[in-house]
S.K.: 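Below you'll find the structure I mean.
Protein chains get the first letters and strands the later ones, always in sequence-line order, with residue 1 at the start of each.
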Protein chains: 2
Amino acid sequence: MAEQSKDRKGNTEGEQHTTKSRRRGDVLENAILSAAWEELRETGYSRLTMEAVAARAKTNKNAVYRRWPSKAKLVVASLMKHTPKPSLEAPDTGNLREDVLTLLERIIKPIQMIGAETIHGLMGEFHGDEIHSKMTLPPRSEDILAIAMKSILLNAERRGEVKLEELPDRVITLPVDLIRFELLTTHTPLTDEAVVEIVDAIFLPLVQKPNRQG
Amino acid sequence: MAEQSKDRKGNTEGEQHTTKSRRRGDVLENAILSAAWEELRETGYSRLTMEAVAARAKTNKNAVYRRWPSKAKLVVASLMKHTPKPSLEAPDTGNLREDVLTLLERIIKPIQMIGAETIHGLMGEFHGDEIHSKMTLPPRSEDILAIAMKSILLNAERRGEVKLEELPDRVITLPVDLIRFELLTTHTPLTDEAVVEIVDAIFLPLVQKPNRQG
DNA sequence: CCAAATAAGGTACGGTACGTACTGTACCTT
DNA sequence: AAGGTACAGTACGTACCGTACCTTATTTGG
């Protein structure tokens, strides 16, 4: 091919390819992840396609498949980039109720941003294949939120608010589990009143009372 | 394409199509539903295809689409036919704990037979479209299981076991919700011990104690 | 009993999305 | 300047979808 006046930016003549520099590495990767995020918000998980993501990122499927082998993994990567990770440090307001409410409010936003449809879609695909190593919830004791809850409860025990002794893990993760369940199975947004009810009518009575009823 | 000796049964040569009679109506419908059920168990929801169902039922896609417009609806129909519906009458053993455990054990089996992957798949598809009228959980007070739980609790109140007065709906459906959550988010089978723990360490303390903690 | 209506069988099509392969080209490294 | 790497762009084969069309068996009802 005869070279025809390429400038340093790689443009030959006035082709439709008016963009000069070719994106690479992290630049392109972030463009794809952002495109995936936007597609996710506009069309939802089930209607999101690799081709549409590539087109929106102004690239092609190759660049996508080179990085992520499936729609599910692409979406997970996109979520990790575009949803805020709640701080896992346990709040310490000096009051058990406030600590729990604070923690719950923190975790609600990211889950709501992701949305139930995406979560269902991901769980479905990770089932279909066999990749559920990262997606399925960890065994309750390893759950990061369970650890945060334990930390909160330890502080409360130090203050004499609760008797932690033989509290089963299931009770410790109860509020978090209920929030997750609610977000996964209802389409109406989770109200603050619901969160308060979970804490005041369910969680606190269980941990504050001497839990023993013969 | 020369015609080659078709007999009245439409068989060319010695093809495998030796059966003469053609299935119709309920016979064919049940064959399709059974085929869908078997495909579901063998390949799972995400890998189930209409073509495979038709092939297994020894018919073609037309017969399937004539009856169900989508994979999701076909699967739901198949589940209705092939999973036992738990009796919704509230058990009345004269003991609250036994009543609750009985009810929970009843609802676990059907959900386990369906499997988390299918439920996630269905929720995903019903999200993608907008058919979630039947799949999403009813508003808690209309939930059939909530009604059964209320019935059980009314009996217990009559016996003086609990004070039902201001018990929120969320507490009433708590055991059922926790069972559902567990079945949806874990891959390990739900043990009897877990069910007992939900009842003994969570539900009973909440409903039996005067729930008020100043 | 026969003809019309009904419903199944069978094939083929257009469409979408997948995932891969192959070309060329820009950019980076040395 | 030479080479490798990674992006751009295109094209392909596959799978499944949902539909259309025609043929054939069975039911119906006149």
Side-chain angles (χ1 to χ4, degrees), chain A residues 1-13 15-33 35-36 39 43-75 121 125 128-129, chain B residues 1 3 6-13 15-32 35-36 39 43-75 121 125 128-129:
Chain A
M1 277 209 170
E3 302 186 12
Q4 32 175 315
S5 72
K6 292 182 184 176
D7 59 12
R8 279 205 74 248
K9 294 173 182 177
N11 286 336
T12 62
E13 298 290 306
E15 289 196 275
Q16 73 277 32
H17 215 255
T18 52
T19 52
K20 42 270 129 160
S21 63
R22 176 177 284 184
R23 296 164 300 172
R24 291 185 165 258
D26 289 347
V27 179
L28 183 57
E29 179 161 326
N30 288 331
I32 296 172
L33 290 177
E39 283 288 314
T43 73
Y45 182 84
S46 63
R47 282 191 275 269
L48 177 143
T49 71
M50 301 295 259
E51 277 160 344
V53 170
R56 184 187 281 263
K58 293 200 189 333
T59 179
N60 55 28
K61 285 191 291 181
N62 283 338
V64 181
Y65 277 110
R66 218 172 273 133
R67 293 171 168 80
W68 303 278
S70 70
K71 168 173 160 177
K73 296 202 171 176
L74 166 63
V75 168
E125 290 211 22
D129 309 326
Chain B
M1 34 186 81
E3 301 183 11
K6 291 184 184 177
D7 60 10
R8 281 205 71 246
K9 295 173 183 176
N11 290 335
T12 62
E13 303 287 309
E15 287 198 276
Q16 68 280 29
H17 214 256
T18 52
T19 52
K20 33 349 274 309
S21 67
R22 179 177 282 185
R23 294 165 300 173
R24 296 186 163 250
D26 290 346
V27 179
L28 183 56
E29 179 161 325
N30 288 331
I32 296 171
E39 284 287 315
T43 74
Y45 182 84
S46 63
R47 281 192 275 270
L48 177 144
T49 70
M50 302 294 260
E51 279 163 344
V53 170
R56 185 186 280 265
K58 292 201 190 332
T59 178
N60 56 28
K61 284 189 294 180
N62 285 336
V64 180
Y65 277 110
R66 246 171 241 139
R67 294 172 167 80
W68 301 279
S70 71
K71 167 174 159 177
K73 295 202 172 174
L74 166 63
V75 167
E125 291 211 19
D129 309 325

S.K.: If you look at every heavy atom in Lys71(B) and Leu48(B), which pair is closest and at what distance?
M.R.: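 The answer is NZ-O, 3.0 Å.
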
S.K.: How far apart are the closest heavy atoms of Ala57(B) and Ile32(B), and which atoms are they?
M.R.: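 Answer, listing the atom of Ala57(B) first, then Ile32(B): CB-CA, 4.0 Å.
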
S.K.: Lys58(A) NZ to dA8(D) P: how many Å, rounded?
M.R.: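 It works out to 12 Å between those atoms.
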
S.K.: To the nearest angstrom, how far is Arg24(B) atom CZ from dA5(C) atom C1'?
M.R.: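 Taking atom C1' of dA5(C) as the reference, CZ of Arg24(B) is at 10 Å.
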
S.K.: Report the distance from atom CE of Met50(A) to atom P of dA15(D), rounded to the nearest whole Å.
M.R.: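 Checked: the CE to P distance equals 19 Å.
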
S.K.: Rounded to the nearest angstrom, tell me the gap between atom CD in Glu51(B) and atom C1' in dT19(D).
M.R.: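 Computing the Glu51(B):CD to dT19(D):C1' distance gives 13 Å.
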
S.K.: Considering all heavy atoms of both residues, which atom of Lys61(B) and which atom of Ala54(B) are nearest to each other, and what is their separation?
M.R.: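 Minimum heavy-atom contact is N-CB, 3.7 Å.
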
S.K.: Taking for each residue the nucleotide of DNA chain C with the nearest heavy atom, is it Lys61(B) or Ala57(B) whose nucleotide lies nearer the 5' end?
M.R.: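 Of the two residues, Ala57(B) wins.
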
S.K.: Any side-chain N or O of Thr49(A) under 4.0 Å from OP1/OP2 of dA17(C)?
M.R.: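 For Thr49(A), the contact criterion (side-chain N or O under 4.0 Å from OP1 or OP2 of dA17(C)) is not met.
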
S.K.: Taking all heavy atoms of Arg56(A) and all of Ala35(A), pick out the closest pair and write down the distance.
M.R.: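 So the minimum-distance heavy-atom pair works out to CD-O, 3.6 Å.
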
S.K.: Is the shortest side-chain N/O distance from Arg23(B) to OP1 or OP2 of dG9(C) below 4.0 Å?
M.R.: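 Looking at the OP1 and OP2 atoms of dG9(C), one of them is under 4.0 Å from a side-chain N or O of Arg23(B).
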
S.K.: Grab the CG-C1' distance between Asp26(B) and dT26(D) for me, whole Å please.
M.R.: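 For the pair Asp26(B) CG and dT26(D) C1', the rounded distance is 15 Å.
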
S.K.: Counting heavy atoms from C-beta on, name the nucleotide in dC7(D), dG19(C), dG9(C) closest to the side chain of Tyr65(A).
M.R.: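 Among dC7(D), dG19(C), dG9(C), the one nearest the side chain of Tyr65(A) is dG19(C).
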
S.K.: What is the distance from CG of Asn60(B) to P of dC13(C), rounded to the nearest Å?
M.R.: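 In whole Å, dC13(C) P and Asn60(B) CG are 16 Å from each other.
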
S.K.: Looking at Met50(A) and Tyr65(A), what are the two nearest heavy atoms and their distance?
M.R.: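 Nearest pair, atom of Met50(A) first, then Tyr65(A): CG-OH, 3.6 Å.
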
S.K.: Let me know the distance between NZ of Lys73(B) and P of dG18(D), rounded to the nearest Å.
M.R.: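 Nearest whole value for this atom pair: 12 Å.
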
S.K.: Between the base of dA7(C) and the side chain of Arg66(B), is there a donor-acceptor distance below 3.5 Å?
M.R.: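 No such pair is found, so the answer is no.
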
S.K.: Does a nitrogen or oxygen in the side chain of Thr59(B) sit under 4.0 Å from OP1 or OP2 of dG9(C)?
M.R.: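 So the side-chain polar atoms of Thr59(B) do come within 4.0 Å of the phosphate oxygens OP1 or OP2 of dG9(C), strictly under.
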
S.K.: Write down the distance between CZ (Arg67(A)) and P (dA8(D)), rounded to a whole number of angstrom.
M.R.: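 The answer, rounded to whole Å, is 8 Å.
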
S.K.: Who does dA7(C) pair with, Watson-Crick or G-U, both distances under 3.5 Å?
M.R.: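 By the stated definition (distances under 3.5 Å), dT24(D) pairs with dA7(C).
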
